[in-house]
Chemist: 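This is the structure I want to talk about, given as structure tokens.
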Amino acid sequence: MATDLKAATAPSLADFEVIAAAAWERIEPEFRDVCRDLVIRVEDFALDEVLDELDIEDPFDLMGLYQGLSLDKKSSLDIAREPDMVFLYRRAILDYWVESGETLGEIITHVLVHEIGHHFGFSDEDMEEIEEDAGP
């Protein structure tokens, strides 16, 4: 099968947003409803300050991040602050994708579900079950 590699490009930030939105729609509605104020952002890499805070030297080692206070730790008395966010880091995900043999949709779904799981305060086992239900 011949492929015109001259026209081939890596998926853009906008492409990732489309894939992440599709993954979001496959997540069970009851989870999406509880996350209604959650913001999903796609960036090339985590900020240096974030990497430093997490003691991560190589930005390719971080594919996603939940930033906020998980629902199991929130109180109705909490002062309003920035919205909870899930970051998907495109370059790290692409790097993993090249080596994994998984589809890009599978990886983005996995990272998204994992980070949303942190929003809920879920265990890894809980997140695996949600991911299986969401499928790519």
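Small disclaimer: the values here were computed from a predicted structure and weren't measured. Numbers here simply count residues along the sequence, with the first being 1.
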Chemist: Honestly curious: do Ile27 and Met63 fall in one hydrophobic cluster under the side-chain, below-4.5 Å linking rule?
Modeler: yes
Chemist: Would you please indicate if the ring centroids of Tyr96 and Phe60 are separated by under 6.0 Å?
Modeler: no
Chemist: Which residues, ordered by chain and number, are linked to Tyr89 in its hydrophobic cluster, where ILVMFWY side chains connect at heavy-atom gaps below 4.5 Å, directly or through other members?
Modeler: Val39, Leu47, Val50, Leu51, Leu54, Ile56, Leu62, Leu65, Met85, Phe87
Chemist: Does the side chain of Leu104 reach to within under 4.5 Å of the side chain of Ile93, using non-hydrogen atoms?
Modeler: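 Leu104 vs Ile93: side chains touch.
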Chemist: Which residues pass the ring pair (Phe, Tyr, Trp, His ring centres under 6.0 Å) test with His114, sequence neighbours left out?
Modeler: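 Ring pair (Phe, Tyr, Trp, His ring centres under 6.0 Å) list for His114, sorted by chain: His118.
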Chemist: Answer yes or no: is there a donor N or O on one side and an acceptor on the other, between the side chain of Glu115 and the main chain of Leu112, under 3.5 Å?
Modeler: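 Not confirmed, Glu115 side chain does not pair with Leu112 backbone.
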Chemist: Closest approach of Ser100 and Ile107, non-hydrogen atoms and distance?
Modeler: OG-CD1, 3.5 Å
Chemist: Which atom names give the shortest non-hydrogen contact between Ser12 and Arg90, and what distance separates them?
Modeler: C-CD, 3.7 Å
Chemist: Can you tell me if Arg26 uses its side chain to pair, donor with acceptor, with the backbone of Thr109 under 3.5 Å?
Modeler: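 Not confirmed, Arg26 side chain does not pair with Thr109 backbone.
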Chemist: What is the distance from atom OG1 of Thr103 to atom CH2 of Trp97, rounded to the nearest 0.5 Å?
Modeler: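 Here the rounded value is 9.0 Å.
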Chemist: Is it the case that one hydrophobic cluster holds both Ile108 and Val18, taking links as side-chain heavy atoms less than 4.5 Å apart, direct or via other members?
Modeler: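 Hydrophobic grouping puts Ile108 apart from Val18.
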Chemist: Looking at Glu57, I want to see if its CD is surrounded by more than 12 non-hydrogen atoms of other residues, nucleotides or ligands under 6.0 Å.
Modeler: no
Chemist: For the atom pair CG (Leu38) and CD (Gln67), what is the distance rounded to the nearest 0.5 Å?
Modeler: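 Reported value, rounded in 0.5 Å steps: 11.0 Å.
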Chemist: Could you check if a side-chain atom of Ile116 sits within less than 4.5 angstrom of a side-chain atom of Tyr66, using non-hydrogen atoms only?
Modeler: no
Chemist: Kindly give the heavy-atom pair with the smallest separation between Ala92 and Pro59, and that separation in Å.
Modeler: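 The pair with the smallest heavy-atom distance is CB-O, 3.9 Å.
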